[in-house]
**Q** 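First, the structure itself, so that you have it in front of you.
Below, chains carry the letters A, B, ... as their sequence lines are ordered, and counting in each starts from 1. These values consider heavy atoms only, across backbone and side chains, with no hydrogens, waters or symmetry-generated copies.
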Amino acid sequence: MAKFLTNKDENYAQWYNDLVIKADLAENSAVRGCMVIKPYGYAIWEKIQAELDRLFKATGHVNAYFPLFIPKSFFSKEAAHVKGFAKECAVVTHYRLKLDESGGIVVDETAKLDEELIIRPTSETIIWHSYKNWIQSYRDLPILINQWANVVRWEMRTRLFLRTAEFLWQEGHTAHATREEAVEETDKIINLYAGFAENSMAIPVIKGYKSENERFAGALDTYAIEAIMQDGKALQAGTSHFLGQNFAKAFDVQFTDKNGKLDYVWATSWGVSTRLMGALIMAHADNHGLVIPPKLAPLQVVIIPIYKGDGQLEGLTVVAEKIKAGLEAKGITVKYDNRDTHKPGFKFAEYELKGIPVRIAIGPRDLENKTAEVARRDTLTKETIPVDSVTEYIQRLLIDIQDNILKKAIIFKEENTFYIDSWDEFIKTLDDKGGFILAHWDGTAETEMKIKEETKATIRCIPFDSPEEEGKCIYSGKPSKKRVLFARSY
RNA sequence: CGGGGUGUAGCGCAGCCCGGUUAGCGCAUCUGGUUUGGGACCAGAGGGUCGCAGGUUCGAAUCCUGCCACCCCGACCA
């Protein structure tokens, strides 16, 4: 038991906060609501980035970069969009400071910008302003651009990774000649996200449509992937928006199609953020610390020598270096921790806290028997393995761990997904267990709002694979043809 | 913006009510030694404008006034 961590079952929120700090992922900064992502946290983010970037490129997307600042006038061109974001925008009004009489620094009021600049909360507007110049003909389409960037949304209440005023993300912005093609892109990306979540992050998700209330400001349709955390709350892990022609109309982006007819361009946008770090933590970690799936672990294997003072370390180092070289040759990342300043027990606890998938310990006993003790983070079990077969064993073990973490998460999701048909049971389930609730809904925003007010649960999504069935709305009793996914969420 | 709370060493806290030694404790840090198969031990050392500014007083971390910052709970949200 990690003695510095709050117990997960006693106070989940505190456990999360402790873990982010203690595992050295991130910390609060001098700027309210903004975080410092520390090297270990950033290394995990880089693994996430690298794999997503590979997937984007494999599906024909390219990276570009657009400015951090957006002229206010751009921002106001799409009505729904402004309305959605206006309340949380940081605005730059001046471009110069000066010294005041007492030697302090003040804003130079004479250096007021003619037009204020909004710090991007998302980049649709500045990007579509460029697209207007890039698109004339169907031959210019599609445009499949992604950018890796920071954005700012001035949040009142923040939590490391889950909700911060500034966060890192990627935002894809695509332009298409037809509605069908744009819808297909929206669909392709939500599937890409879901695949990434399951294959790399070992987090099963539910794909679905957002209700009108939860939809992105300016989108005709928003698709989302929803994941379940270990406290039973839902977390939106990625969104893909079908924007229709809204932004093309706002920025007057028309193209000539094959028949010589002028039409507005069809658009999508999609993104995932550093919030995925929060998902990774809350989906898998335990009372000993993080559990990082091997595919996202910056460090997959650590080797710890156990020795007494009398020259034993040298012999162990020879074996450790040999094991390390063997694993590295197979593309596995390994660290040999021969620090003499900490005892083995300390190191065991430290690497467990950081979620390193595999730990190898070798001591005099192993040296004698030509073995190594291999411990896996996900199950906290140990086995003694002949040194000769360690490489093969660990190659298999890493795959095994990845699978096992996902399997565990899938079982958790299934055990915490409930089909509910009565209002009493709905409330009772939310309060007692939380989790995903599949229930009937009459399709009205009014009912959705009432349910939210009374229970704090929201419609996370209308699952793509929700079968058609006759039912009655959990709240209003009106007829419904589909179950939707309810949960309390982050 | 409403409601509540907290500011004392890098971190976590005690001291404040009832003013009075050199402001203390745990963790961390540094030095020396002994240790090393699950977060070692002993001995020693360093580290403080007690959030800021005024005031009361012979004397303020402690009492009074003002300000600032941060945290928690609500409204908003990926």
Side-chain angles (χ1 to χ4, degrees), chain A residues 1-6 11 13-14 17-18 21-22 27-33 83-89 121-122 150-171 193 210 213-217 219 222 224-227 234-241 269-279 288-289 304-313 316 337-354 359-369 371-373 375 380 382 384 452-453 456 458 460-461 489-490:
Chain A
M1 178 73 61
K3 56 179 167 180
F4 304 117
L5 274 184
T6 300
N11 187 342
Q14 192 56 46
N17 292 339
D18 281 5
I21 302 293
K22 298 280 162 51
E27 63 187 26
N28 283 304
S29 72
V31 184
R32 180 192 160 74
K83 206 166 160 247
F85 285 106
K87 288 164 294 183
E88 50 188 43
C89 285
T122 179
N150 59 337
V151 287
V152 170
R153 296 181 188 174
W154 211 261
E155 298 290 347
M156 286 306 168
R157 301 193 51 208
T158 60
R159 286 186 74 191
L160 292 172
F161 290 120
L162 296 175
R163 177 164 294 108
T164 47
E166 180 196 18
F167 57 91
L168 305 184
W169 76 345
Q170 57 69 215
E171 46 180 326
Y193 285 157
K210 281 290 181 187
N213 275 328
E214 302 277 332
R215 197 175 288 160
F216 174 74
T222 290
I225 51 170
E226 293 287 330
L235 186 133
Q236 179 174 307
T239 48
S240 182
H241 315 292
S269 70
W270 29 272
V272 298
S273 72
T274 34
R275 187 177 229 209
L276 287 179
M277 295 287 293
H288 293 256
I304 296 170
I306 295 157
Y307 57 95
K308 292 199 166 54
D310 48 1
Q312 284 181 353
L313 182 59
L316 292 169
D337 186 352
N338 61 352
R339 286 178 300 172
D340 191 35
T341 49
H342 298 277
K343 289 180 61 166
F346 179 91
K347 294 177 185 176
F348 290 179
E350 186 182 28
Y351 292 111
E352 271 165 18
L353 182 61
K354 292 201 162 189
R359 179 187 72 227
I360 302 174
I362 44 171
R365 227 155 54 208
D366 296 301
L367 213 51
E368 205 173 304
N369 304 330
T371 57
E373 181 194 84
L380 294 165
K382 308 176 204 182
T384 301
K452 184 179 176 180
E453 276 166 32
K456 288 190 177 141
T458 50
R460 300 319 305 154
C461 69
S489 72
Y490 279 96

**Q** Ala349(A) side chain: which of A78(B), G37(B), G38(B) is closest?
**A**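 Looking only at side-chain atoms, Ala349(A) lies closest to G38(B).
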**Q** Output the single nucleotide from G37(B), G38(B), A78(B) whose closest atom is nearest the side chain of Arg275(A).
**A**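 Comparing G37(B), G38(B), A78(B) against the side chain of Arg275(A), the answer is A78(B).
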**Q** Taking the P atom of each, how far is G24(B) from G46(B), in whole Å?
**A**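 Nearest-Å result for G24(B) against G46(B) at atom P: 13 Å.
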**Q** Give, for atom CG of Leu313(A) and atom CG of Asp340(A), the distance between the pair rounded to the nearest 0.5 Å.
**A**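 Going from CG on Leu313(A) over to CG on Asp340(A), the span is 7.0 Å.
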**Q** For atom P, what is the distance between G55(B) and G15(B), given to the nearest Å?
**A**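 Pairwise P distance, G55(B) against G15(B), rounds to 29 Å.
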**Q** Could you please name the option among A78(B), G39(B), G37(B) that lies closest to any side-chain atom of Thr164(A)?
**A**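 So the nucleotide nearest the side chain must be A78(B).
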**Q** Where the side chain of Glu88(A) is defined as all heavy atoms beyond and including C-beta, which of G38(B), U36(B), C76(B) is the nearest nucleotide?
**A**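 Nearest nucleotide to the side chain: C76(B).
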**Q** Using whole Å, report how far OH of Tyr490(A) lies from C1' of C76(B).
**A**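 From Tyr490(A) OH to C76(B) C1': 18 Å.
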**Q** To the nearest Å, how far apart are Phe346(A) CZ and G37(B) C1'?
**A**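 Rounded to whole Å, this separation is 17 Å.
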**Q** Would you mind reading off the distance between His342(A) atom NE2 and C41(B) atom C1', rounded to a whole angstrom?
**A**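 Atom-to-atom, His342(A) to C41(B), this comes out as 16 Å.
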**Q** So, under a plain 3.5 Å distance rule, would you say the side chain of Lys382(A) forms a donor-acceptor pair with the base of G38(B)?
**A**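 Result: at least one qualifying N/O pair found.
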**Q** For Asn338(A) and U36(B), give me the distance from atom CG to atom C1', rounded to whole Å.
**A**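 Going from Asn338(A) (CG) to U36(B) (C1'), I get 14 Å.
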**Q** Choosing from A78(B), U36(B), G37(B), which nucleotide comes nearest the side chain of Phe167(A)?
**A**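 Ranking A78(B), U36(B), G37(B) by closest atom to the Phe167(A) side chain puts A78(B) first.
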**Q** Within the modelled atom types, does a donor on one side and an acceptor on the other bring the side chain of Glu352(A) and the base of G38(B) under 3.5 Å apart?
**A**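 Side chain to base: pair present.
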**Q** Quick one: which of U36(B), A78(B), G74(B) gets closest to the side chain of Gln236(A)?
**A**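 Looking only at heavy atoms from C-beta outward on Gln236(A), the closest nucleotide is A78(B).
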**Q** Please name the nucleotide paired to U31(B) by Watson-Crick or G-U wobble geometry with both distances under 3.5 Å, or report none.
**A**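 Answer to the pairing question: A43(B), which forms a Watson-Crick or G-U pair with U31(B).
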